[in-house]
Every structure is written in C-alpha cells, then in structure tokens.
Number of protein chains: 2
Amino acid sequence: MKVKNSRLDAIRLILSTQEIGSQEELLSELEKEGFKLTQATLSRDLHQLRVVKTVGVQGRYRYVLTRPHQYRHAGEQGEVRAVTTPQEVTGFLSIKFSGNIAVIHTKPSYASTLAYHIDNYDFPEIIGTIAGDDTVMMIIAENVTRAAVLRVLRTIIPNI
Amino acid sequence: MKVKNSRLDAIRLILSTQEIGSQEELLSELEKEGFKLTQATLSRDLHQLRVVKTVGVQGRYRYVLTRPHQYRHAGEQGEVRAVTTPQEVTGFLSIKFSGNIAVIHTKPSYASTLAYHIDNYDFPEIIGTIAGDDTVMMIIAENVTRAAVLRVLRTIIPNI
DNA sequence: TTCATAACTGTATATTTATTCTTTGCGAAC
DNA sequence: GTTCGCAAAGAATAAATATACAGTTATGAA
C-alpha cells in the first residue's frame with residue numbers, strides 16, 4: 001500500500017510536468033523513478049486517479065489529471081514534497097477577475113497543469129484553485145489586490 | 001462537407017444527452033439517426049471534436065465533450081454556424097447564488113454538459129465555469145445582477 | 001474545362017488500453 | 001506460529017481505439 005500511494009503521487013507529478021501521450025510512455029518514466037510495474041497496473045492506477053486522455057492543441061494525445069485539488073489533500077500530515085523547479089508554464093490565454101475570484105483561461109488541456117503549479121508554489125495570496133480542461137478558478141485571499149495576484153503569478157507565467 | 005458537419009452535430013447532441021461508453025455504442029446510435037460510417041471515421045471525428053473518454057463516478061467510462069475551441073475555429077472563412085443548436089439542456093435541478101458565484105446542481109453526470117453549453121454561448125455576464133459531476137460553479141461578472149444571469153441562462157434552461 | 005491539391009472515408013491492421021484470471025503479499029484475528 | 005480475508009499486481013488476452021494506406025470525392029486555381 002505504501003508503494004502504491006507513492007506511485008500514485010509520482011504519476012501525478014509526472015503528468016503535471018510532462019506531456020505524456022501513452023501508458024507505455026508513462027511506464028518508462030515511472031521506471032526511471034524506480035517504480036516497477038506493468039501496463040495493467042498502470043491502467044488501473046489511471047482509472048483510480050480518473051486520469052483522462054485528452055487531445056491537445058496540436059492534436060496530440062495527452063494524459064491529464066482531472067482533479068488536481070485532490071493532490072493537496074493526498075499528502076498526509078505535513079509531508080514535505082519537492083516543489084517543481086520554477087519553469088515557464090505554457091498554455092496561458094487570459095485572466096479575468098470578479099470579486100475575490102480570478103478565472104484563467106488556457107489552451108485546451110493545460111488548465112490542470114497550470115493549477116498544479118500555482119498550488120505548488122503555495123502563494124499566500126491564493127488560497128485555492130480548481131481546474132477544468134481549459135479553465136482555472138482561483139480564490140484570492142482577503143485584502144490582496146489584483147495587482148499583487150498578477151505579480152506573484154508572473155513567476156510562473158512571465159507574459160501574464 | 002455537409003454530411004460530416006451534420007454528423008459532428010449529431011455526435012455532440014448524442015454525447016450531450018446520453019451516456020456513451022464506447023465508440024461502438026456511439027456508432028450504433030449514429031446509425032439509428034441514419035448516419036453510415038465506420039469506427040475509423042468515428043475515431044477521427046472524436047479526435048477533431050476533442051471528445052475525451054472519462055471515468056464516471058461509478059467507475060464507468062463515458063465519452064464527454066470538452067471545449068468547443070477547435071470546432072469554432074474549424075469553420076472556414078467566417079462561415080456562420082450555430083454555436084450549438086438552441087436546445088433544452090436536461091438535468092438541471094437548482095441554482096443558488098452567493099456573492100458573485102452561482103452554483104448549479106444537476107442530475108448526476110450532467111454538470112459538464114451544462115457547463116459546456118454555458119461556455120459555448122460565451123455570455124459576457126458569466127466569466128467562467130467549472131464543472132464536477134453534478135455541480136457547476138459559475139463566476140459572474142461584476143455589476144451583473146442575478147436576474148440578468150437568470151435571463152441569459154433561460155436561453156439554455158427554459159425552466160430555470 | 002482540366003489539373004492540382006486537399007479533404008474525407010473505408011479496409012485492414014497496428015497500437016493501445018481494459019479486464020479476466022491467478023498469484024502474491026500483508027495485516028488482523030485467532 | 002496459522003488461517004482468513006482482501007488489496008495489489010502480473011501474465012495473458014480481450015476489447016477498444018488509432019492510423020497507414022489507398023481510393024474517392026470535393027475544391028479551387030488557371
């Protein structure tokens with residue numbers, strides 16, 4: 001059970017940071033991380049995580065997480081997890097505000113990746129995100145200006 | 001191609017109203033509508049529509065529409081095509097407001113379809129939606145009344 | 001018109017993914 | 001310790017899906 005849980009974490013991490021187009025591809029990434037399993041097990045893992053195979057902008061297939069918010073709750077009792085290396089996140093299209101909520105639109109299939117990175121930085125200005133396929137909703141902390149939100153997001157999305 | 005376009009429309013209609021778990025299943029539905037095609041063509045259609053195979057709440061697979069972006073751009077040189085045929089969207093149960101957020105409850109598995117239609121109309125009153133299985137969250141633009149939101153939604157959900 | 005090109009489709013097949021069946025591992029209760 | 005119960009995983013295979021190839025049809029330019 002311990003192995004499986006850390007494997008599920010690894011899958012989430014990989015899918016959030018790389019463009020994976022098939023289970024075989026994901027399998028070899030997992031092997032690099034030291035996990036040993038078969039495609040059958042991986043298929044079951046993906047089913048459990050409710051990962052879906054979407055079609056990206058260039059028509060390429062891509063496995064994406066459908067529920068990035070679960071990731072946060074997955075790590076139990078203050079487990080320290082490596083934050084991903086700062087990197088430019090592509091796919092950003094626009095951001096709009098209404099009240100204490102920001103709505104980001106992305107290219108298709110990029111929303112969960114973007115939300116993952118925003119979550120990962122754990123900006124105090126942003127208390128939570130939720131992602132669909134091409135939309136990320138962010139709840140902004142109280143007494144935080146929109147300019148401040150844009151400023152912190154700029155570390156992830158330079159051209160925001 | 002005239003045939004292909006109406007077939008794509010039919011696919012979107014079917015996926016919006018039924019739970020389809022495989023291409024073969026969708027194929028037979030299309031045959032009932034008078035379309036004659038093979039699984040190969042259907043696979044290509046689904047790819048073009050960016051339809052994805054998701055995992056539903058009971059663990060069953062289901063094909064669902066994602067976002068219409070590519071479809072929109074697919075129309076050549078200013079061709080006017082109905083975004084979606086105005087149609088009643090089923091599954092609606094209730095709508096509640098809190099601040100600039102509206103929460104719509106639907107019958108199980110209908111949320112993404114409803115959100116899809118709302119997005120499709122691109123109402124300026126609604127800056128974004130996110131759907132789970134039976135819940136849609138909508139962010140309402142500032143200085144827009146709830147009555148105005150209900151009014152525009154009525155084009156999709158008559159009995160709202 | 002005629003030619004060139006692009007779009008569309010079916011057939012056959014390759015590829016990919018899900019599942020059945022079986023075995024293994026692991027913890028709890030005895 | 002042993003046995004029971006059950007989650008987990010592999011091997012093999014079924015099922016489902018994507019695609020290479022070829023043929024056809026539409027589209028557009030000259």
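Fair warning: this is a prediction, and the values are worked out from it, not measured in the lab. All values below were derived from every heavy atom in this structure, side-chain atoms included, with hydrogens, water molecules and symmetry-related copies excluded.
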Nearest-angstrom distance from the residue atom CD1 of Ile20(B) to P of dA16(D):
13 Å
Between Leu46(A) (CG) and dA16(D) (P), how many Å, whole number?
19 Å
From CG of Leu30(B) over to P of dG10(C), roughly how many Å is that when rounded to an integer?
12 Å
Starting at atom CG of Leu26(A), determine the distance to atom C1' of dT15(C), rounded to an integer number of angstrom.
17 Å
From dT11(C), dA18(D), dG10(D), nucleotide with atom closest to Thr41(A) side chain:
dG10(D)
Arg44(A) has its side chain closest, among dT17(D), dA18(C), dC21(C), to dC21(C)
hydrophobic_cluster_shared for Leu15(A) and Leu49(A), side chain cutoff 4.5 Å:
yes
Does Arg62(A) make a cation-pi contact with Tyr110(A), if we ask for NZ or CZ under 6.0 Å from the ring centre and within 45° of the axis?
yes
Are any of the side-chain nitrogens in Arg146(A) or Glu142(B) under 4.0 Å away from the carboxylate oxygens of its partner?
yes
I would like to know whether Thr113(A) and Val64(A) meet side chain to side chain contact (heavy atoms under 4.5 Å, CB included); could you show each step before the answer?
CA-CA 8 Å; Thr113(A) 297; Val64(A) 299; 5.7 Å; no
Calculate the interatomic distance between Glu24(B) atom CD and dA18(D) atom P; express it in whole Å.
12 Å
What nucleotide among dG10(C), dT16(C), dA18(C) has an atom nearest to a side-chain atom of Gln23(A)?
dA18(C)
Compare the minimum distances between each of dT20(C), dA18(C), dT17(C) and the side chain of Tyr63(A), then state the nucleotide with the smallest one.
dT17(C)
Counting heavy atoms from C-beta on, name the nucleotide in dA18(D), dT17(C), dT9(C) closest to the side chain of Ser43(B).
dA18(D)
Does Leu42(B) reach a base, just sugar-phosphate, or nothing at all? Heavy atoms under 4.0 Å.
nothing
Return the value, rounded to whole Å, for the distance between atom NE2 of His47(A) and atom P of dA15(D).
17 Å
Please determine whether a side-chain nitrogen or oxygen atom of Lys4(A) lies at a distance below 4.0 Å from atom OP1 or OP2 of dA9(D).
no
Quick check on dC8(C): is either OP1 or OP2 less than 4.0 Å from any side-chain nitrogen or oxygen of Arg7(B)?
no
Side chain of Ala40(B), heavy atoms from C-beta onward: which of dA12(D), dA16(D), dT19(D) has the nearest atom to it?
dT19(D)
Is a donor-acceptor pair below 3.5 Å formed from side chain Gln39(B) to base dA18(D), judging by atom type as modelled?
yes
Whole angstrom value for the distance that separates P of dT17(D) from CZ of Arg62(B):
15 Å
Separation of atom CD in Glu25(A) from atom C1' in dT16(C), rounded to whole Å
13 Å
Apply side chain to side chain contact (heavy atoms under 4.5 Å, CB included) to residues Val55(B) and Leu46(A) and explain how you reach the verdict.
CA-CA 10 Å; Val55(B) 182; Leu46(A) 294 179; over 6 Å; no
